[in-house]
Amino acid sequence: MSGIAIERASALKEKPASGSLGFGKYFSDHMFLLDYSTDKGWYDPRIVPFQNLSLSPAAMVFHYAQEVFEGLKAYRKADGSVQLFRPEANIKRMNDSCERLCIPKIDPELFLDALKTLVRTEISWVPGEPDTSLYLRPFVIATEPHVGVHASSSYIFAIIASPVGAYYAEGLNPVKIFVEAKDVRAVKGGTGQAKTGGNYAATLRAGLEAEQRGFSQVLWLDGINRKYIEEVGSMNVFFKFGDEIATPRLQGSILPGITRDSCLRILRDWGLNVTEREIDVAELANCTEAWGSGTAAVISPIGKIVYGETRYNINGGKIGELTQKLYDYLTGIQWGRIEDPYGWTCSVNS
Ligand SMILES: *Cc1c(COP(=O)(O)O)cnc(C)c1O
């Protein structure tokens with residue numbers, strides 16, 4: 001029996017047209033909230049109408065960026081039922097991020113119950129058209145009103161929900177990527193493997209510059225040697241070199257993507273030669289397929305990579321055969337079009 005109280009909104013919003021969803025522009029009628037204080041621990045789990053949060057201007061999140069977040073989706077199957085994809089992995093990763101940011105961990109059972117209860121409450125917000133889903137954004141912020149650097153004594157955990165279509169305007173058309181040579185995203189020992197907003201703040205300048213030059217995303221190199229590939233914007237990255245499929249090894253500065261992990265498992269089960277290793281940016285000359293992996297874009301083919309004066313055209317700028325096959329298989333599992341042999345999908349009704 002769920003201990004989550006539900007306060008329903010008195011007026012419901014009009015749903016956006018499915019063709020106009022884009023990504024992260026619309027929010028559903030309700031959200032989940034949970035509070036933390038030192039004496040009570042995490043308390044008062046509830047679903048309330050989607051509303052502004054009221055915080056002191058001295059709340060520590062505004063000054064010291066003590067926050068973590070997650071991203072996962074609810075998918076509508078052809079029979080109308082709704083499922084999540086590997087929510088336990090998001091829950092575990094958020095608690096790992098909490099550990100890095102000195103935020104108290106959240107009971108995994110309560111977290112899963114909160115995700116399912118919110119999706120059930122917002123079931124009419126889960127779109128059913130191809131490639132659409134309800135994106136869920138759990139996050140924790142430090143709320144103690146105190147200008148002084150230490151871990152906060154109070155927090156809010158919230159989950160908001162947004163009906164989404166394709167993450168990139170390009171859809172499944174290959175994107176153009178710019179290799180950043182000046183700024184770095186993260187270094188080993190920092191917070192690169194935690195899903196925390198500060199990592200993104202550090203990437204905005206390079207992202208803006210890349211956008212102004214007509215690129216969709218930035219490809220990050222390691223902060224020490226400035227030559228090993230790390231990841232792309234909000235995605236991990238895979239390259240095909242001859243018979244080998246390679247992705248950067250998780251060494252502390254890269255976000256351990258759940259889509260990355262799913263790709264590795266599937267590709268290995270297909271009997272392919274899959275490696276996790278250091279990848280020198282100069283190796284791009286031998287690359288025959290490349291794609292980014294992440295919950296938002298799922299699998300995003302990469303058609304062109306520009307590094308200084310060097311332009312790498314990958315597979316003639318077209319989606320590669322393996323990229324397409326992986327996309328079809330993974331999205332097939334996520335939307336319930338094909339059987340899930342891994343136990344990755346999770347009904348919101350049980
Ligand atoms: C969330 C995220 C990813 C992708 O992770 P998924 O679990 O596959 O969605 C990759 N890189 C960064 C920096 C991220 O924040």
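All values derive from a computational prediction rather than experimental measurement. Atoms within a ligand are numbered from 1 in the order they appear, just like the ligands themselves. Reckoned from all heavy atoms, side chains included, excluding hydrogens, waters and symmetry mates.
Short contacts between ligand 1 and N236, defined as distances under 4.0 Å to a heavy atom of the residue, involve ligand atoms 10 (C). Close approach of ligand 1 to R93 is summarised as follows: ligand atoms under 4.0 Å from at least one heavy atom of the residue are 5 (O), 6 (P), 7 (O). Those atoms of ligand 1 with a heavy atom of G257 less than 4.0 angstrom away are 5 (O), 6 (P), 7 (O), 8 (O). Per-residue contacts place G233 under 4.0 angstrom from the following atoms of ligand 1 (heavy atoms of the residue considered): 13 (C). In the vicinity of I258, heavy-atom distances shorter than 4.0 Å reach the ligand 1 atoms 6 (P), 7 (O), 8 (O).
Judged by a 6.0 Å distance limit and a 45° cone about the ring axis, K15 is not positioned over the six-membered ring of Y26. Geometrically, K325 engages W270 in a cation-pi contact, judged by NZ or CZ lying under 6.0 Å from the ring centre and within 45° of the ring axis.
The distance between the ring centers of Y36 and Y155 falls below 6.0 angstrom. If you look at F157 and F139, their ring centroids are not closer than 6.0 Å.
Backbone and side-chain nitrogen or oxygen atoms of T295 are examined, and one is located within less than 3.5 angstrom of a nitrogen or oxygen of ligand 1. Considering backbone and side-chain atoms alike, S293 places every N or O at 3.5 Å or more from each N or O of ligand 1.
At least one heavy atom of S234 lies less than 4.0 angstrom from ligand 1. Ligand 1 lies nowhere less than 4.0 angstrom from a heavy atom belonging to E70. Residue contacts with ligand 1 leave out A296, since none of its heavy atoms falls under 4.0 Å from the ligand.
Counting heavy atoms closer than 4.0 Å to ligand 1, residue L255 contributes side-chain atoms (C-beta onward) but none from N, CA, C or O. Contacts of M235 with ligand 1, taken as heavy-atom pairs under 4.0 Å, involve the backbone alone.
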Margin query: Checking S253 against E230 for the side-chain hydrogen bond (donor to acceptor under 3.5 Å, both in side chains) test, could you report, in this order, the C-alpha distance in whole Å, the side-chain angles of both residues, the deciding distance, and whether it holds?
Written below: CA-CA 8 Å; S253 61; E230 300 238 300; 2.8 Å; yes

Notebook entry, point to check: N90 and E70: side-chain hydrogen bond (donor to acceptor under 3.5 Å, both in side chains), yes or no, with the steps?
Noted result: CA-CA 7 Å; N90 293 94; E70 269 303 325; 2.8 Å; yes

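Here the heavy atom of the protein found nearest to atom 8 (O) of ligand 1 is T259 OG1, 2.6 Å.
Taking the six-membered ring for Trp and thresholds of 30 and 60 degrees, F241 and F239 have nearly parallel ring planes, at less than 30 degrees apart. Ring planes of Y200 and F69: tilted class, angle from 30 to 60°. Ring planes of F215 and F178: tilted class, angle from 30 to 60°.
The nearest non-hydrogen atom to atom 2 (C) of ligand 1, considering only R260, E231, E230, K195, comes from K195.
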